[in-house]
Amino acid sequence: MDWISFLLDLLKILGGLIVGAVIGFFIARNYMKKYMKKNPPINEQMIKAMMTQMGRTPSQKQVNQMMKAMTKYMD
């Protein structure tokens with residue numbers, strides 16, 4: 001058995017796995033960013049309900065400020 005060819009084959013396999021993992025990570029990250037922008041995890045009704053549960057009556061201005069802060073955080 002030729003050890004040098006075995007080690008080269010092993011390095012090729014490991015290199016391919018590493019490159020595939022890196023490419024897969026960036027593709028998955030890009031997909032999730034698009035998904036979160038299209039379907040945000042929180043909306044205006046959720047903010048209003050949260051502020052009402054805390055004992056505050058939210059104005060539309062406060063809700064808009066919270067939504068702006070959330071969208072800025074998501075970008």
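Bear in mind the structure is a predicted one, so any value in this text is a computation, not a measurement.
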Test of understanding: with side-chain contact (heavy atoms from CB on, under 4.5 Å), list the residues that count as partners of Ile42, not counting sequence neighbours. Met46, Ile47, Met70

Flag if over 12 foreign heavy atoms under 6.0 Å of CG, Leu7: yes

So, taking the atom named CG in Asp2 and the one named CG in Asp9, what distance separates them when rounded to the nearest 0.5 Å? 9.5 Å

Quick one: side-chain hydrogen bond (donor to acceptor under 3.5 Å, both in side chains) pairs with a partner in residues 40-50, sequence neighbours left out? Asn43-Gln45

Holding to side-chain hydrogen bond (donor to acceptor under 3.5 Å, both in side chains), I want the full list of residues that pass it with Gln53, two or more places apart in sequence or in another chain. none

So which pairs with a foot in residues 20-32 pass side-chain hydrogen bond (donor to acceptor under 3.5 Å, both in side chains), sequence neighbours left out? none

With sequence neighbours left out, write down each residue that passes side-chain contact (heavy atoms from CB on, under 4.5 Å) with Ile23, or none if nothing qualifies. Val19, Ile27

Residues in side-chain contact (heavy atoms from CB on, under 4.5 Å) contact with Gln62, at least two apart in sequence or another chain: Met51, Arg56, Pro58, Ser59

Taking Gln65 as the fixed residue, which of Met67, Lys68, Lys61 is the one that meets the side-chain contact (heavy atoms from CB on, under 4.5 Å) rule? Lys61

Hey, could you give me the CG/CH2 distance between Leu8 and Trp3, rounded to the nearest 0.5 Å? 13.5 Å

